[in-house]
Amino acid sequence: MLVPELTLAAPEAGARMLERFGFHPDAGLWRLGSQALRVTQGQPQGHGRIDHVALTVPDIDRALADLIARGLALDAGVTPDGPELIPEFWTDGLRFAYLSGPEGARIELCQRLTGAPSGIGQDHVGIPCADLAPMQAFFEGQGARRIAAVELERPEGRIPVRFLAFQGGVVELYQPVAPAPRAAPGLWSRLLLPGLAAPIHGPQGLVLAPL
């Protein structure tokens, strides 16, 4: 089980927002379908090496309308106008939208246009890379397996994307055209893994830690 850790200055307020997303507390974690999170208290410095956590939904328009009705909002810096399409992903494309989660932590909704699941749950953890190759090598050294490779051709340039199956979840690695700097401690702060004896420090500030 791959569990993203969410570091918040005010975890109690963050927990109330997670409940509006549909998460519920369970044995020290927050769960929504197949997605589990851990919330911890700290002083994050904006978005870190882990940029977002993505949830898969069967109908993104219905899910988004429901969440907005609960008082949640689109992330104005990523998808201010609602769902967008990436036609290159998976079989027939992917629709996605970003919401602003606790303290601005990004939570993405994803709908595959073919083979969408019947319920909401885990889709992937998104990690922008200053250099994708060493990050991919690091994850593969920890047992990850590549399940998709896409080169997005955009007006600003080529964006390589790799999807890796890892510890029962999926990690999305992507290299923006503008180099991603080494990140300060962020909201999505670490990836937690069961059975890990001690933290493992990967490239570009990424941390794997025991669950």
Side-chain angles (χ1 to χ4, degrees), residues 2 4 20-23 31-37 47 49-70 72-101 104-133 135-136 139-140 144-180 187-188 191:
L2 181 65
R20 295 208 298 274
F21 273 95
F23 285 90
R31 296 183 183 274
L32 175 56
S34 57
Q35 180 68 69
L37 313 173
H47 298 290
R49 174 53 53 221
I50 301 168
D51 179 77
H52 62 271
V53 166
L55 303 172
T56 184
V57 295
D59 184 332
I60 194 169
D61 297 306
R62 179 176 296 179
L64 189 58
D66 181 44
L67 292 172
I68 289 175
R70 297 182 200 176
L72 299 168
L74 288 161
D75 188 317
V78 189
T79 54
D81 299 320
E84 298 181 9
L85 173 69
I86 302 179
E88 298 95 333
F89 280 177
W90 310 115
T91 303
D92 292 310
L94 176 100
R95 294 183 72 212
F96 72 98
Y98 283 83
L99 291 132
S100 183
R106 293 185 181 117
I107 296 178
E108 183 185 10
L109 303 182
C110 295
Q111 178 192 352
R112 299 189 189 192
L113 298 188
T114 297
S118 59
I120 191 168
Q122 181 185 88
D123 193 87
H124 67 267
V125 176
I127 302 176
C129 307
D131 187 348
L132 191 151
M135 188 71 80
Q136 181 177 343
F139 273 104
E140 290 175 341
R145 175 178 56 86
R146 193 182 80 178
I147 55 176
V150 180
E151 305 291 327
L152 299 178
E153 298 291 347
R154 296 294 183 264
E156 63 271 23
R158 175 177 293 181
I159 303 170
V161 184
R162 304 291 182 266
F163 288 96
L164 308 177
F166 181 58
Q167 293 285 334
V170 174
V171 174
E172 177 197 38
L173 307 179
Y174 57 100
Q175 185 173 321
V177 174
L187 292 156
W188 296 112
L191 296 179

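Just so it is clear, the model here is predicted, and its values are computed rather than measured.
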Check your understanding: What closest approach, in Å, do P176 and C129 show between heavy atoms, and which atom pair accounts for it?
Key -> CD-O, 3.6 Å
Check your understanding: Looking only at heavy atoms, what is the nearest atom pair of P58 and G119, with distance?
Key -> CD-O, 3.8 Å
Review point. CD of E140 to CZ of F166: how many Å apart, nearest 0.5 Å?
Key: 11.0 Å
Practice item. Verify, without hydrogens or angle tests, whether R95 (side chain) and L85 (backbone) share a donor-acceptor contact under 3.5 angstrom. Key: no
Check your understanding: Tell me, do I127 and D51 make a side-chain contact under 4.5 Å, heavy atoms counted?
Key -> no
**Study point:** Gap between atom CH2 of W188 and atom CD1 of I107 - 0.5 Å precision
**Key:** 5.0 Å
Point to revise | Option passing side chain to side chain donor-acceptor pair (under 3.5 Å) with H52 (candidates H47, R106, E108) | key: E108
Review point. CZ of R154: more than 12 outside heavy atoms within 6.0 angstrom?
Key: yes
Exercise for review: List the atom of A148, the atom of W90, and the distance in Å for their closest heavy-atom pair.
Suggested key: CB-CZ3, 3.8 Å
**Study point:** Aromatic contact, F163 with F89 (centres under 6.0 Å)
**Key:** yes
Exercise for review: Applying side chain to side chain contact (heavy atoms under 4.5 Å, CB included), run through F21 and L72 and close with a yes or a no.
Suggested key: CA-CA 8 Å; F21 273 95; L72 299 168; 3.7 Å; yes
Practice item. To the nearest 0.5 angstrom, please state how far the OG atom of S118 sits from the CG atom of D59. Key: 13.0 Å
Study note, to complete from the structure: On a heavy-atom basis, the closest approach of P4 and A36 is CD-O, 3.3 Å
Practice item. Check whether more than 12 heavy atoms from other residues, nucleotides or ligands sit under 6.0 Å from atom CZ of R146, and answer yes or no. Key: no
Point to revise | Test side chain to side chain contact (heavy atoms under 4.5 Å, CB included) applied to D123 and Q35, R112, Q111, the passing residue | key: R112
Exercise for review: With sequence neighbours left out, write down each residue that passes side-chain contact (heavy atoms from CB on, under 4.5 Å) with P160, or none if nothing qualifies.
Suggested key: L132, E151, R162, Q175
Check your understanding: If you measure from OG on S100 to CG on L74, what distance do you get to the nearest 0.5 Å?
Key -> 9.5 Å
Revision key, fill the gap. Tightest non-hydrogen contact, residues A97 and L64, listed as CB-CD2, 4.4 Å
Review point. Under 3.5 Å, is there a donor-acceptor pair between the side chain of T56 and the main chain of Q122?
Key: no
**Study point:** side chain to side chain contact (heavy atoms under 4.5 Å, CB included) assessment of L113 paired with L94
**Key:** CA-CA 6 Å; L113 298 188; L94 176 100; over 6 Å; no
Exercise for review: Start with the C-alpha gap between V170 and V125, add the side-chain angles, then the distance that decides, and say whether side chain to side chain contact (heavy atoms under 4.5 Å, CB included) holds.
Suggested key: CA-CA 6 Å; V170 174; V125 176; over 6 Å; no
Exercise for review: Quick one: do L109 and L67 satisfy side chain to side chain contact (heavy atoms under 4.5 Å, CB included)? Show the steps, please.
Suggested key: CA-CA 11 Å; L109 303 182; L67 292 172; 3.9 Å; yes
Revision key, fill the gap. Heavy-atom closest pair (I147 atom, A165 atom, distance to 0.1 Å) is CG2-CB, 4.0 Å
Review point. Got a second to check how far L2's CG is from H124's NE2, nearest 0.5 Å?
Key: 12.0 Å
Point to revise | Point-to-point distance, once rounded to the nearest 0.5 Å, from CG of L55 to CD1 of I120 | key: 5.0 Å
Check your understanding: Got a donor-acceptor contact below 3.5 angstrom from the R49 side chain to the P128 backbone?
Key -> yes
**Study point:** Test: R62 and D66 ion pair at under 4.0 Å
**Key:** no
Review point. Is any side-chain heavy atom of V150 closer than 4.5 Å to a side-chain heavy atom of L152?
Key: yes
